[in-house]
Amino acid sequence: MTSRFQGIGMTSQRSRDRLVGQLREMGVQSERVLAAIKNTPRHIFVDEALASRAYDNTALPIGHNQTISQPYIVARMTEALLEIEDLDKVLEIGTGCGYQTAILAQFARQVYSIERVEALLTKARQRFYALKYRNIKVKYGDGNSGWPENALYNGILVSAAPITVPEVLLEQLAPNGRLIIPIGRSGEQELLSIARTDEGFTKKRLDWVSFVPMLGGMG
Ligand code: SAH
């Protein structure tokens, strides 16, 4: 990798190690997830002016009233998906800057990601190209419809919060698959892991969270 991707100063390996230490203290256990966080250059996914804060455990603005998710939440959601041993196909709703997508691409054979703000998607696509992620396909569209052409998915991860679980996403989940999704209004959202079993769906709450709302239509 070039030095731009390795980072200097606050984007150095030391600040990444500190972030990983914080996530471990907060209860993230998967060594594979912690290694992915350590090896993924989060500073490439935010504006240069914010690069010095890229390895803080906080959400940061990415424009268009959206934020890059907090590293702890990215780690928790990814860890929850890794309950599935064979992560063949994963669908993500809300590409945003592409950071969570890049983490997923290190665990799934193929990642599909949908974003409703075209300008964000264009930038994310450029980052995937520069960082040589070859197993990510993106689409400009409304995630409320999922991406039926490539269904079923072993995992579906939603990065924006709808009020109720979209039925369509449950339909696009493979047997034994997991849907990781924040549900509810701002200030009272729960992060759910929904598993598709032989008998139907089972739900468990992972955490209380704060995501931007899942909107309808195109941005
Ligand atoms: N994981 C992303 C999170 C970005 S914030 C990151 O770390 O950058 C959530 C994203 O979901 C925003 O980019 C927003 O535009 C997008 N979004 C909201 N509603 C959507 C919908 N219905 N379909 C697709 N994307 C949506």
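Just so it is clear, the structure is predicted and the values come from calculations on it, not from any experiment. As the structure lists them, so they are numbered: ligands from 1, and atoms in each ligand from 1. Any value given below was found using the heavy atoms of this structure, including those in side chains, with hydrogens, waters and symmetry copies removed.
At a cut-off of 3.5 Å, with distance as the only test, a side-chain donor of Tyr72 or Arg76 sits close to an acceptor on the other residue.
Contact check for Ile156 versus Leu173: side-chain heavy atoms found under the 4.5 Å cut-off.
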Give every pair formed by an N or O atom of ligand 1 and a protein N or O atom closer than 3.5 Å, one pair per line with both atom names and the distance to 0.1 Å, or write none.
{"from": "ligand 1", "atom 1": "1 (N)", "to": "Ser159", "atom 2": "OG", "distance (Å)": "3.3"}
{"from": "ligand 1", "atom 1": "7 (O)", "to": "Ser69", "atom 2": "N", "distance (Å)": "3.0"}
{"from": "ligand 1", "atom 1": "8 (O)", "to": "Cys97", "atom 2": "N", "distance (Å)": "3.0"}
{"from": "ligand 1", "atom 1": "13 (O)", "to": "Glu115", "atom 2": "OE1", "distance (Å)": "2.7"}
{"from": "ligand 1", "atom 1": "13 (O)", "to": "Glu115", "atom 2": "OE2", "distance (Å)": "3.3"}
{"from": "ligand 1", "atom 1": "15 (O)", "to": "Glu115", "atom 2": "OE2", "distance (Å)": "2.5"}
{"from": "ligand 1", "atom 1": "19 (N)", "to": "Leu215", "atom 2": "N", "distance (Å)": "3.0"}
{"from": "ligand 1", "atom 1": "22 (N)", "to": "Asp142", "atom 2": "OD1", "distance (Å)": "2.9"}
{"from": "ligand 1", "atom 1": "22 (N)", "to": "Asn144", "atom 2": "ND2", "distance (Å)": "3.4"}
{"from": "ligand 1", "atom 1": "22 (N)", "to": "Leu215", "atom 2": "O", "distance (Å)": "2.5"}
{"from": "ligand 1", "atom 1": "23 (N)", "to": "Gly143", "atom 2": "N", "distance (Å)": "2.7"}
{"from": "ligand 1", "atom 1": "25 (N)", "to": "Arg116", "atom 2": "N", "distance (Å)": "3.4"}

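Checked against side-chain hydrogen bond (donor to acceptor under 3.5 Å, both in side chains), Arg14 has no partners two or more places apart in sequence or in another chain.
The aromatic rings of Phe45 and Phe128 sit tilted, their planes meeting at an angle between 30° and 60°.
A salt bridge links Asp88 with Arg109: the distance from a Lys NZ or Arg NE/NH1/NH2 to an Asp or Glu carboxylate oxygen falls below 4.0 Å.
Leu82 is not connected to Ile181 by any chain of hydrophobic side-chain contacts under 4.5 Å among Ile, Leu, Val, Met, Phe, Trp and Tyr, and they are in different clusters.
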